[in-house]
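Order of the sequence lines fixes the chain letters, A, B, ..., with proteins taken first and strands second; residue numbering starts at 1 for each chain.
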Amino acid sequence: MYDVVVVGGGPAGMSAAMAAYEKGSRVLLIERENHLGGILKQCIHDGFGLLRYGEMLTGPEYALMDMEALEKTGIDVKRATFVTDVGRGEDFELTLVNGEESIVKVATRAIILANGCRERTAKQIFINGTRPAGVYTAGTAQYLVNMDGYLPCKRCVILGSGDIGLIMARRLTLEGAEVVGVYEAKDSPSGLRRNVVQCLEDYNIPLHLSRTVTRVYGRSRVEAVEVMAVDEAMTPIEGTEEVVACDGVILSVGLIPENELAETLGAAMDGHTKGPLVNQDLMTSVPGVFSCGNALHVNDLVDYVSESGQIAGSSAAAYAANRKNAKHQPETAWTKVHYDEKDFLYVLPQRIRYGEEQSIDFYVRVRSERKNATLAVDVDGSEIQKKKYRQLSPPEMEKISLKKVGIHKAIQFRLEGGDRG
Amino acid sequence: MTPVLSTTCILCPNGCEVTLHRDEKGYSVTGNRCKKGIAFAVDEHEAPKRMVTSTVKTVYKNQPRLSVKTASPIPKGQVMAVMDAINKVTVDRSLDRGAVVIEDVCGLGVDVVATGRIWAAL
């Protein structure tokens with residue numbers, strides 16, 4: 001019987017496993033790929049770890065720091081292993097499949113879901129047309145280039161200006177492809193400003209805002225796309241059709257937390273984050289099931305992913321220890337975190353256990369660009385902190401830390417003043 | 001003071017909009033939220049530099065590529081020359097992260113180092 005089983009061996013899972021282990025748990029880490037590291041293995045660019053390590057590391061380096069630490073511990077690791085089912089009884093039983101053991105069942109007191117997120121595909125964003133080869137999500141193109149050494153296209157169009165799309169615009173250019181342009185349906189770029197500069201402006205790759213791809217042409221291989229201008233509702237404007245010749249379409253149109261296991265376990269989900277509802281321990285609505293990393297909500301910084309893993313790991317260890325000693329889990333009332341959906345896309349965690357001396361890190365995304373707005377937190381009816389921000393935008397998640405605050409009745413996040421972008 | 005250059009600092013995810021000014025006394029920088037932004041703005045005007053991150057070929061079928069980076073930023077105009085040098089390399093031995101893959105690439109005084117480790121065997 002394990003105390004804690006962690007599903008997913010990327011940065012979230014590795015931090016969670018380490019934290020639970022350091023609190024004395026017997027830990028199993030399960031990873032479906034041949035190696036740990038998750039998505040960091042293919043993120044060969046730098047920009048990772050500034051907060052955690054004080055330097056800008058590449059993705060593989062950041063992952064290796066965790067792997068090297070993990071290798072020194074007694075954490076059991078099963079690689080190339082897939083979790084096909086999980087059952088709830090007195091504790092939990094997971095069904096695992098891998099080449100060596102075939103099918104095996106593992107019992108555990110607590111589960112940490114750290115299985116990351118998926119990319120949105122063309123189907124989900126309704127591109128019409130034929131199904132020729134040459135349409136890739138940015139992550140798939142990144143895998144092909146960085147892991148397999150293939151150039152997926154010679155002249156491409158990128159749809160979506162999120163960071164992955166911007167990073168791939170540069171990567172493909174460096175490897176000799178022509179990136180005709182990046183097309184973004186919104187009227188502002190989705191990714192970080194620094195990526196617009198170092199990936200597009202550095203290489204004179206045009207960024208076309210308020211434009212989208214509406215058709216893909218080509219029978220066996222992409223030959224061209226049709227792009228159109230869109231209005232504020234992102235509806236294509238008649239008469240603005242333009243055909244762009246290309247042999248590849250790279251889609252960078254959003255990430256969705258991977259939550260089949262959370263749903264199988266019956267965890268309540270948050271429609272805003274697309275991940276489970278959690279409290280400050282990162283425990284879901286199912287006692288003993290914890291969530292962290294991109295499975296919980298899509299993060300911008302891997303440093304925050306690692307922090308969430310640490311919280312989930314420590315919390316799961318405490319939960320497992322209570323179960324092992326037949327001690328009851330602390331009974332406690334809780335409250336929903338309130339915020340106006342007109343101002344915020346989401347606030348996480350979404351639920352707070354009441355108690356004294358709470359130090360909690362919240363993660364917040366605003367709904368639209370706001371300049372010089374004030375973000376305030378009210379606890380039990382009184383404003384306890386506020387901060388003015390020169391600029392708040394949806395792609396840039398903000399961390400709001402509460403230090404040693406007693407929460408007994410209610411907590412609310414407010415956004416006031418400021419001009420909309 | 002005349003503004004000489006306005007750009008986004010790329011050194012960290014904050015992406016401060018920095019402006020380089022010049023007067024008789026020399027340079028000054030506004031918009032930065034840390035000291036590194038000052039050096040960045042001056043460099044960007046006088047001698048822009050960039051990190052290069054890429055992959056090199058290996059002989060290992062199970063691990064066809066190894067990720068690498070320049071150990072420090074190199075002149076922006078030399079990025080494609082550094083890429084050409086990187087694309088000439090084939091790794092044929094076990095390496096750990098930090099190992100030098102190209103010494104003094106393009107004579108720029110900067111090494112290209114491994115950012116991953118070779119785990120495959122022939």
Taking 4.0 angstrom as the limit, do [X] and [Y] come out as a salt bridge?
X: A:Lys78; Y: A:Glu100; answer: no
X: B:Lys69; Y: A:Glu61; answer: yes
X: A:Arg52; Y: A:Glu307; answer: no
X: B:Arg97; Y: A:Glu68; answer: yes
X: A:Asp419; Y: A:Lys371; answer: no
X: A:Asp202; Y: B:Arg50; answer: yes
X: B:Glu17; Y: A:Arg193; answer: yes

As an exercise: rank [options] by heavy-atom pairs under 4.5 Å with chain B and give me the winner.
options: A:Asp300, A:Thr58, A:Val145; result: A:Thr58
options: A:Asn146, A:Asp148, A:Leu174; result: A:Leu174
options: A:Val197, A:Thr173, A:Leu64, A:Leu192; result: A:Leu64
options: A:Met147, A:Gln42, A:Arg171; result: A:Arg171
options: A:Lys41, A:Glu175, A:Glu396, A:Met67; result: A:Glu175

Give, as side chain, backbone, both or neither, the part of [X] having an atom under 4.5 angstrom from any heavy atom of chain A.
X: B:Arg117; answer: both
X: B:Ile86; answer: neither
X: B:Lys57; answer: neither
X: B:Cys16; answer: neither
X: B:Gln63; answer: neither
X: B:Asn87; answer: side chain

Please classify the contact between [X] and chain B as side chain, backbone, both or neither, with a heavy-atom cut-off of under 4.5 Å.
X: A:Tyr62; value: neither
X: A:Leu301; value: side chain
X: A:Ile44; value: both

(message) If you count heavy-atom pairs within less than 4.5 Å of chain A, which of B:Pro13, B:Gly98, B:Gly116 leads?
(response)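 If we count pairs closer than 4.5 Å to chain A, B:Pro13 comes out on top.
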(request) Mind ranking B:Pro64, B:Ser54, B:Gly15 by heavy-atom pairs under 4.5 Å with chain A and telling me who comes out on top? (result)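 Looking at each option in turn, the highest pair count goes to B:Ser54.
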(request) State whether a side-chain donor-acceptor pair under 3.5 Å links A:Tyr389 with A:Arg370. (result)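 Not at all, the side chains of A:Tyr389 and A:Arg370 share no donor-acceptor pair under 3.5 Å.
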(request) Check the pair A:His297 / A:Tyr346 against ring-ring contact (aromatic ring centres under 6.0 Å, His included), numbers first and verdict last. (result) CA-CA 10 Å; A:His297 68 128; A:Tyr346 66 79; 5.5 Å; yes
(request) Fit a plane to each ring of B:Trp119 and A:His35, take the angle between them on a 0 to 90° scale, and name the class: parallel (under 30°), tilted (30 to 60°) or perpendicular (over 60°). (result)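 Judged by the thresholds at 30° and 60°, the geometry between B:Trp119 and A:His35 is tilted.
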